[in-house]
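What follows is a set of notes on a single structure, which appears directly below.
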Amino acid sequence: MTEGHEIEGGFRGRKIAWGFSGGIAAFKACQALRLFVHEGAEVRAAMTEAATRFIGPLTVGALTGAPVLTDVLAPQQDMFFGHLDLARRADLVVVAPATADVIARLAHGMADCPVTTTVLAARCPILVAPAMNVAMWENPAVQRNVGILRGYGRYHFVGPASGLLADGDVGFGRLVEPWEILEAARGVLAPKDFRGRKVVVTSGPTREHLDPVRFLSNPSTGRMGHALARAARDRGAEVVLISGPTELADPPGVRTVRVVSADEMLEAALDAVEGADAFIAAAAVADQKPARYEQQKVKKTDAPASLDLVPTPDVLATVSRRVHDLPSRPILVGFAAETENLVENAARKLREKRLDLVVANQVGAEGEGGFGARANAVTLISEGEPNEVLPLRAKREIADAILDRVLRLFEGKAG
Ligand code: CTP
């Protein structure tokens, strides 16, 4: 599984105006548009005349569930929603694919087609995903137009990516992958309320090896920790993600330190926590490790009948002890996965590890999320605040709710 292929939430109620211009990548942009719709966004589309030669407005209309603006001068379409309506109601305009031609027309403030008209009339941010031949992309005229748009501050670019192009050339020009457009949109839309903050997140399981090919571990996937890291990044934080072994891709724009064991995670955490404003321990650290590590693979004929185990270091508790008396210590956030007495057990962890916030989640119950689940239902527990129960939501939304609470804790500390 690569980053962003799963539904994470966070677009519920968001209004997106989507501009298609005429390139072969228009079919790939349809896949991206679908991701936005799955995420809960309300998408309306505009197409240039050339775009309608590559994909039918019927396809786009079926994907968005709304009429598609293809002709700003057609009285019937104008009656439907008015040629400026798309722009007026949008939280974000996405232009994907953006051809060299549409970029040129945008750079010069033209409003000669449904896409440029929509963009010009919008007051919201614009996300542009270029797709064209490499020679066209590298042409100084195109680069100058991109520079003009960047200079306005309201235009954000994602891609193009490098690779094999439709015409057989190799180089920059490919439309980025659909999930990259979604991720870029998250970044553009997120409030930048963590700007200037450093956030350290631990994520995933640890593996405690007994020999080179065998280990003790747990089924954590790292989704919660990675979602937190990406949410903090999108909100403007400098993020260090300390991740145990997971299938997830390293999030772009985040410094990811990959570790295997609890000991390695502790070392990386103590290193990263320097100067941090928040330390969020979302990792499912193995509590015990084999007392002995065998350098060579143990043959099954020599396998012991039982294993001697010793405790691993508690990463969060050790970091807490290390920073607690510092004049400006980071906000400390822990997770508590419990099968029973959720609130009492989590509150005990808050006290014992001297944390500012515990994110408690019930594991083992039907429909409650937890290990490997894509959604999570949690209770936020901190000193002096009523417990906040967040219903079952996508992990990204949980991540944002946790960060909202961390922000309040920053303010509490400052005040
Ligand atoms: N944690 C850690 N290092 C460990 C163990 C846990 O950093 N060796 C962190 C986890 O990342 C999580 C919190 O501590 O934020 C969980 O606390 P813990 O008391 O270990 O919870 P459980 O493992 O569920 O413990 P218990 O078996 O006591 O419920």
Side-chain angles (χ1 to χ4, degrees), residues 199-209 215-229 232 240-246 257-273 276 278-291 309-324 329-365 368-373 376 378-382 395 398-399 401-403 405-406 409:
V199 176
V200 180
V201 182
T202 69
S203 182
T206 64
R207 285 181 184 172
E208 310 302 327
H209 275 267
F215 53 81
L216 302 177
S217 192
N218 60 63
S220 165
T221 59
R223 283 203 187 94
M224 188 66 242
H226 279 57
L228 272 160
V240 182
L241 173 65
I242 303 167
S243 174
T246 83
V257 183
R258 285 194 171 250
V259 298
V260 175
S261 66
D263 288 298
E264 288 172 16
M265 187 170 275
L266 176 63
E267 197 185 319
L270 290 174
D271 193 40
V273 79
F279 181 83
I280 307 178
V285 184
D287 289 319
Q288 284 161 321
K289 63 179 178 180
L309 300 175
V310 293
T312 55
D314 188 316
V315 177
L316 177 57
T318 311
V319 165
S320 174
R321 277 196 301 277
R322 177 71 65 93
V323 300
H324 224 279
R329 66 164 183 85
I331 295 294
L332 298 168
V333 182
F335 277 70
E338 309 289 344
T339 55
E340 55 182 358
N341 303 330
L342 181 74
V343 172
E344 297 89 286
N345 283 336
R348 188 169 44 75
K349 278 171 197 167
L350 184 80
R351 281 195 309 278
E352 285 177 0
K353 298 194 191 189
R354 297 209 285 176
L355 307 178
D356 300 287
L357 175 64
V358 168
V359 183
N361 69 333
Q362 186 91 32
V363 287
E368 291 281 341
F371 278 135
N376 225 349
V378 303
T379 306
L380 302 186
I381 299 169
S382 60
K395 285 194 173 171
I398 299 281
I402 293 168
L403 293 179
R405 185 62 91 86
V406 169
L409 288 163

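In listed order, ligands and their atoms are each counted from 1. For this chain, numbers begin at 1 and follow the sequence in order.
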Chi angles and distances behind the side chain to side chain contact (heavy atoms under 4.5 Å, CB included) call for T312, T206: CA-CA 10 Å; T312 55; T206 64; 5.9 Å; no
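- The side-chain heavy atoms of T202 and F279, taken from C-beta on, include a pair separated by under 4.5 Å.
- Salt bridge K349/E338: present, at least one basic N to carboxylate O contact under 4.0 Å.
- To the nearest 0.5 Å, atom CE of residue M224 and atom CG of residue L228 are 4.0 Å apart.
- Remark: R329 engages D356 in a salt bridge, criterion side-chain N to carboxylate O under 4.0 Å.
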What are the polar N/O contacts of ligand 1 with the protein below 3.5 Å, with distances?
{"residue": "ligand 1", "atom": "3 (N)", "partner": "D314", "partner atom": "OD1", "Å": "3.4"}
{"residue": "ligand 1", "atom": "3 (N)", "partner": "V315", "partner atom": "N", "Å": "2.9"}
{"residue": "ligand 1", "atom": "7 (O)", "partner": "V315", "partner atom": "N", "Å": "3.4"}
{"residue": "ligand 1", "atom": "7 (O)", "partner": "L316", "partner atom": "N", "Å": "2.8"}
{"residue": "ligand 1", "atom": "8 (N)", "partner": "P313", "partner atom": "O", "Å": "2.9"}
{"residue": "ligand 1", "atom": "11 (O)", "partner": "A281", "partner atom": "O", "Å": "3.2"}
{"residue": "ligand 1", "atom": "11 (O)", "partner": "A283", "partner atom": "O", "Å": "2.7"}
{"residue": "ligand 1", "atom": "14 (O)", "partner": "K353", "partner atom": "NZ", "Å": "2.8"}
{"residue": "ligand 1", "atom": "15 (O)", "partner": "A281", "partner atom": "O", "Å": "2.6"}
{"residue": "ligand 1", "atom": "15 (O)", "partner": "F335", "partner atom": "N", "Å": "2.8"}
{"residue": "ligand 1", "atom": "15 (O)", "partner": "F335", "partner atom": "O", "Å": "3.4"}
{"residue": "ligand 1", "atom": "17 (O)", "partner": "K353", "partner atom": "NZ", "Å": "2.9"}
{"residue": "ligand 1", "atom": "19 (O)", "partner": "K353", "partner atom": "NZ", "Å": "3.3"}
{"residue": "ligand 1", "atom": "21 (O)", "partner": "K349", "partner atom": "NZ", "Å": "3.0"}
{"residue": "ligand 1", "atom": "24 (O)", "partner": "K349", "partner atom": "NZ", "Å": "3.2"}
{"residue": "ligand 1", "atom": "29 (O)", "partner": "K349", "partner atom": "NZ", "Å": "2.9"}

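- Qualifying side-chain contact (heavy atoms from CB on, under 4.5 Å) partners for S203, counting only residues two or more places apart in sequence or in other chains: H226, L241.
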